Amino acid sequence: MGRAKLLLLAAILCSFVGVTGWITWHYDQAYTLATRHTQLSAWALAQLELELHEFESAVDYYRNGRLDQERLNEAYDLAWNRLDVFLTGKEAKTIRQRFGAETLLHELFYQLQQYEPLITSPHLKPQDLEPLHQMLESMLPKVRNLMVLNFTGPSAMRENAALEQSKAQNFVILGCLLLLGLVMVVLLLLEARRQHFLIWHDALTRLPNRAAFIQRLRQQCAHQQQVVLCLLDLNRFKEVNDSLGHSAGDQLLLKVADKLRQSLPEGVWLARIGSDEFALLMSGQKSEASWFAYSKRVRTGLERLLYRADPAHRVSVSVGVSQYPQPATNADELLLFADLALLHARQDGQQHYRIFNRPMLNQYQRRRRLVTDLRAQLALGAQSQLFLCYQPQIPRQPAGRLGAEILIRWQHPELGFIPPPEIVDAAEENGMGATLAAWIFQSMNRDLDSFPLPLVRQLDLAINLSTSLFHRGLPEQTLNWLSDGPLLPRQLVYELTETIALDDLALSQRVFAELRRNGIRIALDDFGTGWSSFAYLKDLKFDKLKIDKSFIQKMDSDARQALFVQAITELCHRLDICVVAEGVETELELSEVLRLAVDEIQGYYFARPLPAATFCQFAERQLQQPVWHP
Ligand code: C2E
Ligand code: CA
Ligand code: CA
């Protein structure tokens with residue numbers, strides 16, 4: 001929990017306690033005020049009763065001749081005044097309204113008023129006061145009774161008890177409120193602790209997470225003499241999630257985390273830094289070599305665990321290791337170098353274990369340079385260092401249409417010739433797939449604009465499709481790209497390898513159908529190099545199939561290859577699919593593929609990939625006078 005939030009929570013708590021305290025204090029004040037009010041009322045009533053008694057005594061004394069008239073008048077005035085105060089005073093209001101006090105005292109007041117002329121008369125005789133004496137004698141017990149009823153009687157006690165009870169209840173309620181507030185605060189603090197844990201830990205394995213790892217890595221590089229970083233990655237873990245569900249994937253991750261935890265020696269710190277990636281930070285007295293040996297053992301142990309835990313044996317472990325202060329000179333480099341080693345370990349089909357070395361960094365820097373330069377070159381259009389080559393595809397039948405495969409070329413001024421798959425991968429991995437495709441179509445359109453139109457009309461051109469282009473919008477986009485040049489949709493062939501994973505078969509079939517409705521043909525490229533060529537052939541409708549050069553080139557030495565080519569050619573012809581033999585380099589290979597009746601031939605025997613102008617001349621020559629006759 002952040003400092004600001006903690007302060008806010010403290011403020012809320014203080015306000016809560018403050019408000020509760022204030023309510024209690026306020027209630028207590030009100031209670032005291034109420035009781036004081038009762039006391040005041042009691043005092044007023046008691047004073048009244050006292051003065052009335054005084055007056056009664058004065059009347060008595062006067063009758064017996066023991067008091068003069070002046071003193072009697074004084075007692076009368078006092079009693080009269082008291083009555084007036086009681087009947088009009090604010091503090092006596094409550095008590096006036098109870099037990100018929102107001103009526104009784106009004107009556108008494110009225111009666112006393114009647115005697116005023118008599119009492120103040122200079123002719124007052126003692127026996128004249130007899131009726132007044134009797135009246136007082138009958139009224140005063142009633143006034144006394146008022147006292148009893150109000151302050152000592154059962155109702156007064158009931159009231160007092162109710163007041164006390166309400167006070168006690170209120171304190172209990174406030175106590176409960178305070179307790180609830182405290183519970184709330186405790187819950188909040190617990191939640192804050194949980195949130196704090198999750199900022200630095202992974203919820204599933206409860207291991208430190210990537211943020212904690214980065215922090216620790218920096219600390220260790222700042223304070224330790226030597227740090228070895230080992231990154232562990234589960235290859236093909238996604239397949240477990242996809243095929244067995246996420247809970248099975250979670251279980252597997254928990255087993256891996258437990259296994260790693262169990263074998264942690266002193267000086268090793270473990271974290272989960274990605275969905276299927278773990279890190280071991282090693283430091284201390286041991287030598288680098290012993291940490292390398294340790295990380296190798298960890299990998300072997302995990303391999304065994306995964307072999308048992310994953311029945312299909314899909315998941316394996318790759319490990320990349322690097323060290324600080326050499327070759328990495330800071331924490332960021334250490335992470336980068338270990339990552340590069342991991343990348344190489346993943347690509348190493350045998351060992352899956354690599355320690356960082358300089359060539360890995362050179363390769364990485366070359367790739368980064370390539371990506372930057374490619375982005376710049378693609379923005380240059382016609383001025384780009386990139387250009388297209390056209391490799392002829394010769395029809396077996398002289399009447400067949402001449403084709404060409406478009407292949408990208410880049411002669412980098414410093415890095416030299418860049419293999420096309422590297423260009424394509426760099427574009428794909430860095431979100432430039434569509435830009436590259438747009439550039440290829442623009443360049444093709446420009447090249448074809450320089451060809452005579454009748455020649456263009458006699459050609460079919462094949463473009464290789466990269467992964468990111470294969471989506472719902474491809475057919476419409478293709479028509480857009482073609483609309484700027486002379487090539488018609490029916491002259492275009494898309495070449496597609498099985499590495500373009502067609503996850504959604506229904507969608508792929510729809511895209512294929514839409515392309516073909518527009519006249520665009522589709523070829524299955526590099527047939528026979530992967531595992532799922534036949535599945536592709538079964539599920540999707542292709543117009544062409546290109547048998548990979550690896551089959552063609554071994555055909556003369558390996559009879560089984562020839563059989564394979566023959567069988568696939570026959571199958572394709574039955575399915576009405578045109579067969580292209582790729583990589584035909586020698587006359588022997590040519591005669592073999594012709595014997596097996598393939599429909600088109602592409603290879604160095606006829607021509608290498610040619611720059612546009614050279615291809616234009618080649619095509620004109622070829623169309624006028626085909627270079628060969630079967
Ligand atoms: P691919 O589609 O199988 O292209 C055929 C490759 O075989 C080309 O290599 C071509 O030069 C080579 N080749 C043709 N005939 C022969 C032969 O007789 N002998 C030998 N040894 N090789 C021959 P390249 O141009 O280096 O292209 C390699 C791969 O790069 C292509 O394989 C294709 O997958 C990819 N690629 C090339 N250009 C593009 C492009 O513009 N877009 C996409 N997406 N991929 C491209
Ligand atoms: Ca191709
Ligand atoms: Ca190919």
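These numbers come from a predicted model, not from an experiment. Both counts, for ligands and for their atoms, begin at 1 and track the order of listing.
- A side chain to side chain contact (heavy atoms under 4.5 Å, CB included) with Ile406 is found for one member of Leu492, Ile463, Asp447 and no other, namely Ile463.
- When non-hydrogen atoms are compared, ligand 1 lies under 4.0 Å from the side chain of Arg409 (C-beta onward) but not from its backbone.
- The protein heavy atom nearest to atom 43 (C) of ligand 1 is Asn464 CB, 3.4 Å.
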Please assess Asp539 against Gln509 for the test side chain to side chain donor-acceptor pair (under 3.5 Å), listing each intermediate value before the final yes or no.
-> CA-CA 8 Å; Asp539 294 325; Gln509 284 167 338; 5.5 Å; no
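- Between Ile408 and ligand 1, a contact under 3.5 Å exists for at least one N or O pair.
- Of all the heavy atoms of Asp526, the ones lying under 4.0 Å from any atom of ligand 1 belong exclusively to the side chain.
- Taking the centre and axis of the six-membered ring of Phe512, the NZ or CZ atom of Lys541 falls outside the cone set by 45° and 6.0 Å.
- Expressed to the nearest 0.5 Å, how far OH of Tyr604 lies from OG1 of Thr586 amounts to 14.0 Å.
- Below 4.0 Å from some heavy atom of Gly603 lie the following atoms of ligand 1, by number and element: 15 (N), 18 (O).
- Checking side-chain atoms of Glu476 against main-chain N and O of Gly473 turns up no donor-acceptor pair under 3.5 Å.
- In this structure, Arg314 pairs ionically with Asp310, as a charged nitrogen and a carboxylate oxygen lie closer than 4.0 Å.
- The distance from ligand 1 to the heavy atoms of Ile440 drops below 4.0 Å at these ligand atoms: 41 (O).
- If you look at Glu495 and ask which of its N, O or S atoms sits nearest the Ca ion (ligand 2), the answer is OE1.
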Could you walk me through whether Thr205 and Asp202 pass the side chain to side chain donor-acceptor pair (under 3.5 Å) check?
-> CA-CA 6 Å; Thr205 60; Asp202 157 46; 2.4 Å; yes
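- Not a single protein heavy atom sits closer than 4.0 Å to atom 9 (O) of ligand 1.
- In this pair, Phe615 and Tyr390 present their aromatic rings parallel. The plane angle is below 30°, not in the 30 to 60° band.
- In terms of protein heavy atoms, atom 4 (O) of ligand 1 is closest to Glu405 OE2, 3.4 Å.
- Under 4.0 Å from ligand 1, heavy atoms of Pro421 appear from its side chain as well as its backbone.
- Rounding to the nearest 0.5 Å places CZ of Arg457 at 5.0 Å from CG of Leu453.
- Among the backbone and side-chain atoms of Asp525, an N/O/S atom is found under 3.0 Å from the Ca ion (ligand 3).
- Here the protein heavy atom with the shortest distance to atom 35 (C) of ligand 1 is Pro420 CB, 4.4 Å.
- When the Ca ion (ligand 3) is compared with the N/O/S atoms of Asp526, atom OD1 turns out nearest.
- No salt bridge links Asp525 with Lys544; every basic N to acidic carboxylate O contact stays at or beyond 4.0 Å.
- With the Ca ion (ligand 2) at the apex, Glu405 OE2 and Asn464 OD1 define an angle of roughly 90° (rounded to 10 degrees).
- Taking SG of Cys572 as the reference point, atom CD1 of Ile547 lies at 7.0 Å (rounded to 0.5 Å).
- Counting heavy atoms under 4.0 Å from ligand 1, residue Ile463 does not touch it at all.
- Look at Glu582 and the Ca ion (ligand 3): an N/O/S atom of the residue is under 3.0 Å from the metal.
- Between the side chain of Asn357 and the backbone N or O of Met360 there is at least one donor-acceptor pair closer than 3.5 Å.
- Among Lys549, Met444, Glu585, Lys546, the residue whose heavy atom lies closest to atom 12 (C) of ligand 1 is Lys549.
- For Arg608, no heavy-atom contact with ligand 1 is shorter than 4.0 Å.
- In terms of protein heavy-atom proximity, atom 31 (C) of ligand 1 is nearest to Leu407 CD2, 4.3 Å.
- Of all atoms in ligand 1, listed by their number and element, those nearer than 4.0 Å to a heavy atom of Gln553 are 19 (N).
- Ranking the protein heavy atoms by distance from atom 11 (O) of ligand 1 puts Pro609 CG, 3.4 Å first.
- Protein heavy atoms are found less than 4.0 angstrom from atom 15 (N) of ligand 1.
- For the pair Glu422 (side chain) and Ile418 (backbone), a donor-acceptor distance under 3.5 Å is absent.
- Within the 4.0 Å heavy-atom shell around ligand 1 one does not find Pro419.
- Using a 4.0 Å cut-off between a side-chain N of Lys or Arg and a carboxylate O of Asp or Glu, Arg299 and Glu303 qualify as a salt bridge.
- The heavy atom nearest to atom 13 (N) of ligand 1, considering only Trp439, Tyr605, Tyr494, Tyr604, is found in Tyr604.
- Remark: atom 19 (N) of ligand 1 lies closer than 4.0 Å to at least one protein heavy atom.
- In Ile423, neither the side chain nor the backbone holds a heavy atom less than 4.0 Å from any atom of ligand 1.
- Applying the 6.0 Å contact sphere to CZ of Phe387 captures more than 12 heavy atoms from other residues, nucleotides or ligands.
- A donor-acceptor contact closer than 3.5 angstrom links the side chains of Ser316 and Asn235.
- Of all the heavy atoms of Glu582, the ones lying under 4.0 Å from any atom of ligand 1 belong exclusively to the side chain.
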